[in-house]
Novice: 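Starting off with a structure, shown below.
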Amino acid sequence: SKNRIVTFLIIFLSRKCTVWKLFGLCMLFVLGSLLWVQLTCSGDMSQTFGYSHLPHQPCPVERQSSSADDPSWGPHKMALIVPFRERFEELLIFVPYIHTFLNKKKIRHKIIIINQLDHFRFNRASLINVGYMESGNDTDYIAMHDVDLLPQNEDLDYGFPKEGPFHVASPELHPLYHYKTYVGGILLLSKKHYQLCNGMSNRFWGWGREDDEFFRRLKAADLKLFRPTGITTGTKTFRHIHDPAWRKRDQKRIAAQKQEQFKVDPEGGLTNVRYKVESRQEVTISGAPCTVINTFLECDVSLTPWCQSS
């Protein structure tokens, strides 16, 4: 309590003063000040991610190594979109790691966490659509990036995919998925090309299959898919930090979902994604800036009844 601290200081100062005592007092003051700044500016994680309506005071955002003034960073800027729900321990690792990784490669970027707040099943594709819609006019390409996948090889290319979609986490490099049509994990597209595909289908609630449907969209849009070359680190190219024992995948197939999951969705995508932004927070995690967009997705249960858990 404050009274105990004051009493301690009075006793401490009333005794014979030495250089070491003064030094110790100064250190105590500095550490206390730093702790106060951290607590007042970082805010509570629960309120940032939509579990409280208390006001949030974000920490000052660091500049990206004066990239705005350095032509060696190039003219393009990436919106790194992370579909997210409740995997805070992974997010605390991912954001500072990928921010540092991209800065080393001189990739202009902003990290956008699309946090699903509603009570429907997780919908990765719709969240990526929301990320595209909310990414602003200061970016010209997107990275669809899983929160549990950390690149370990600095030779990986995160630059602007001028020629066509670039699948960073290609099948021969991904630690888990190795089939030829896999386009998940980390995929870069220009905004123009993502728009050409009408984004991703919104029909995939629960885990899996949205990537496979998007591969068909790329083919239908006549977009050539590019992948890394000259990477010799194989399946050690990425670190997969997801713990399946701690967080199990929602792989249930409800109602007609088992049959519907293999169909192409020719109409759905950016044109019919339905959502509401509850709040937008600018935060820093271990010095790395990111934007958290708390989002409520909407579901037409007459079309996709499997959006509900039961």
Novice: Are any non-hydrogen side-chain atoms of Ile142 and Ser190 less than 4.5 angstrom apart?
Specialist: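 No, side chains not in contact.
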Novice: Enumerate the salt bridge (charged side-chain N to carboxylate O under 4.0 Å, His left out) contacts for residues 169-189, please, sequence neighbours excluded, ordered by first and then second residue.
Specialist: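 Passing the test, one end in residues 169-189: no pairs.
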Novice: Less than 6.0 Å separating the ring centroids of Tyr97 and Phe94?
Specialist: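 Between Tyr97 and Phe94, the centre distance exceeds or equals 6.0 Å.
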Novice: Is the backbone of Asn202 close enough, under 3.5 Å, to the side chain of Asn123 for a donor and an acceptor to pair up by distance?
Specialist: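 Confirmed, Asn123 side chain pairs with Asn202 backbone.
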Novice: Does the distance from a Lys or Arg side-chain N to an Asp or Glu carboxylate O, for Arg239 and Asp148, drop under 4.0 Å?
Specialist: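 No, this pair does not count.
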Novice: With sequence neighbours left out, which residue pairs that include part of residues 127-138 fulfil the salt bridge (charged side-chain N to carboxylate O under 4.0 Å, His left out) condition?
Specialist: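 Passing the test, one end in residues 127-138: Lys77-Asp138, Lys110-Asp138, Glu134-Arg280.
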Novice: Does a side-chain N-to-carboxylate-O contact under 4.0 Å join Arg203 and Asp300?
Specialist: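 The answer is no: the pair does not qualify as a salt bridge.
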Novice: So, Asn153 side chain and Thr237 main chain: donor-acceptor pair closer than 3.5 Å or not?
Specialist: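 Not at all, since once roles are kept as given, no pair shorter than 3.5 Å links the two residues.
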Novice: If only atom types and distance count, is the side chain of Arg217 paired as donor or acceptor with the main-chain N or O of Gly199 below 3.5 Å?
Specialist: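 Such a contact is found between Arg217 side chain and Gly199 backbone.
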Novice: Quick one: ring-ring contact (aromatic ring centres under 6.0 Å, His included) partners of His193, sequence neighbours excluded?
Specialist: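 Here no residue qualifies.
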Novice: Tell me, do Leu173 and Phe238 make a side-chain contact under 4.5 Å, heavy atoms counted?
Specialist: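 Touching, per the 4.5 Å side-chain cut-off.
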Novice: With heavy-atom distances below 4.5 Å as the criterion, would you say the side chains of Glu282 and Pro289 are in contact?
Specialist: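 SC-SC contact between Glu282 and Pro289 ruled out.
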Novice: Between Arg216 and Asp211, is the salt bridge (charged side-chain N to carboxylate O under 4.0 Å, His left out) condition met? List the steps.
Specialist: CA-CA 9 Å; Arg216 297 182 183 183; Asp211 297 328; over 6 Å; no
Novice: When clusters are formed by joining ILVMFWY residues with side-chain heavy atoms under 4.5 Å apart, either directly or through shared neighbours, do Val301 and Val273 land in the same one?
Specialist: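 Each belongs to a different hydrophobic cluster.
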Novice: Under a 4.5 Å side-chain heavy-atom rule over Ile, Leu, Val, Met, Phe, Trp and Tyr, are Phe101 and Leu92 clustered together?
Specialist: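 Same cluster.
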Novice: To the nearest 0.5 Å, what is the distance between CZ on Phe214 and CZ on Phe204?
Specialist: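 Those atoms lie 12.0 Å apart.
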Novice: Counting C-beta onward and ignoring hydrogens, is there a side-chain heavy-atom pair between Thr181 and Val183 closer than 4.5 Å?
Specialist: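 Heavy-atom side-chain distance check fails, nothing below 4.5 Å.
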Novice: Do Phe88 and Val95 sit in one hydrophobic cluster, given that two such residues count as connected whenever their side-chain heavy atoms are within less than 4.5 Å of each other, even indirectly?
Specialist: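 Shared cluster, yes.
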Novice: What I'd like to find out is whether the side chain of His174 reaches to under 4.5 Å of the side chain of Thr235, using heavy atoms alone.
Specialist: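 Sidechains of Thr235 and His174: no contact.
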Novice: How about Trp205 and Phe120: are their ring centroids closer than 6.0 Å?
Specialist: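 Here the rings of Phe120 and Trp205 have centres that are less than 6.0 Å from each other.
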Novice: If I take atom CD1 from residue Ile111 and atom CD1 from residue Ile81, how far apart are they, to the nearest 0.5 angstrom?
Specialist: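 So the gap between those two atoms works out to 12.0 Å.
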Novice: Under the 3.5 angstrom rule, does the side chain of Gln281 hit a backbone N or O of Cys290 as a donor-acceptor pair?
Specialist: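 Absent.
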Novice: What pairs meet the salt bridge (charged side-chain N to carboxylate O under 4.0 Å, His left out) rule with one or both residues in residues 149-161, with sequence neighbours excluded?
Specialist: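 Found Lys104-Glu154.
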Novice: Would the distance check show the side chain of Arg124 and the main-chain N or O of Pro83 forming a donor-acceptor pair, the cut-off being under 3.5 Å?
Specialist: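 Here the side-chain-to-backbone pair does not exist.
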Novice: Set out, in order, the CA-CA distance, both residues' side-chain angles and the distance that settles side-chain contact (heavy atoms from CB on, under 4.5 Å) for Tyr141 and Lys191, then state yes or no.
Specialist: CA-CA 5 Å; Tyr141 71 111; Lys191 284 191 167 182; 5.5 Å; no
Novice: Should Ile114 and Ile128 count as side-chain neighbours, where that means a heavy-atom distance under 4.5 Å?
Specialist: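 They are not in side-chain contact.
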Novice: Would you list the atom pairs, donor with acceptor, under 3.5 Å between side chains in residues 158-166 and any protein atom, with sequence neighbours excluded?
Specialist:
| residue | atom | partner | partner atom | Å |
| --- | --- | --- | --- | --- |
| Tyr158 | OH | His145 | NE2 | 3.0 |

Novice: Under a 4.5 Å cut-off applied to non-hydrogen side-chain atoms, are Phe84 and Ile293 in contact?
Specialist: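 No, their side chains stay 4.5 Å or more apart.
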Novice: Donor-acceptor check, side chain of Gln116 to backbone of Thr295, threshold 3.5 angstrom: yes or no?
Specialist: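 Pair absent, no side-chain N/O of Gln116 close to backbone of Thr295.
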Novice: Under the rule for side chain to side chain donor-acceptor pair (under 3.5 Å), what residues qualify as partners of Arg227, not counting sequence neighbours?
Specialist: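 Here the qualifying residues are His167.
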Novice: What residues, two or more places apart in sequence or in another chain, satisfy side-chain contact (heavy atoms from CB on, under 4.5 Å) together with Ser72?
Specialist: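 Checked Ser72 against side-chain contact (heavy atoms from CB on, under 4.5 Å); matches are Asp70, Lys106.
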Novice: Name all residues meeting the disulfide bond (SG atoms under 2.5 Å apart) criterion together with Cys299; count only those two or more places apart in sequence or in a different chain, and write none if there are none.
Specialist: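 Partners of Cys299 under the disulfide bond (SG atoms under 2.5 Å apart) test: Cys307.
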Novice: Taking only residues two or more places apart in sequence, or in another chain, which ones meet His119 in a ring-ring contact (aromatic ring centres under 6.0 Å, His included)?
Specialist: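 If we apply the ring-ring contact (aromatic ring centres under 6.0 Å, His included) test to His119, skipping adjacent residues, there are no hits.
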Novice: Under the 3.5 angstrom rule, does the side chain of Asp146 hit a backbone N or O of Leu149 as a donor-acceptor pair?
Specialist: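 Flag not set: sc Asp146 to bb Leu149 has no pair under 3.5 Å.
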Novice: Tell me, please, which residues at least two apart from Arg274 pass salt bridge (Lys or Arg N to Asp or Glu O under 4.0 Å).
Specialist: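 Applying salt bridge (Lys or Arg N to Asp or Glu O under 4.0 Å) to Arg274 gives Glu298.
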Novice: Is Glu89 reaching over with its side chain to a backbone N or O of Arg87, donor-acceptor style, under 3.5 angstrom?
Specialist: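 Not at all, since once roles are kept as given, no pair shorter than 3.5 Å links the two residues.
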Novice: Looking at residues at least two apart in the chain, or sitting in another chain, which of them share a side chain to side chain donor-acceptor pair (under 3.5 Å) with Tyr132?
Specialist: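 Side chain to side chain donor-acceptor pair (under 3.5 Å) check on Tyr132 returns Gln195.
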Novice: For Ala221, give me all partners under side-chain contact (heavy atoms from CB on, under 4.5 Å), at least two apart in sequence or on another chain.
Specialist: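 Residues passing side-chain contact (heavy atoms from CB on, under 4.5 Å) with Ala221: Leu196, Cys197, Leu223.
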Novice: Return yes if some donor-acceptor pair links the side-chain N/O of Lys105 with the main-chain N/O of Leu156 below 3.5 Å, else return no.
Specialist: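 Yes, because the side chain of Lys105 sits within donor-acceptor range (under 3.5 Å) of the backbone of Leu156.
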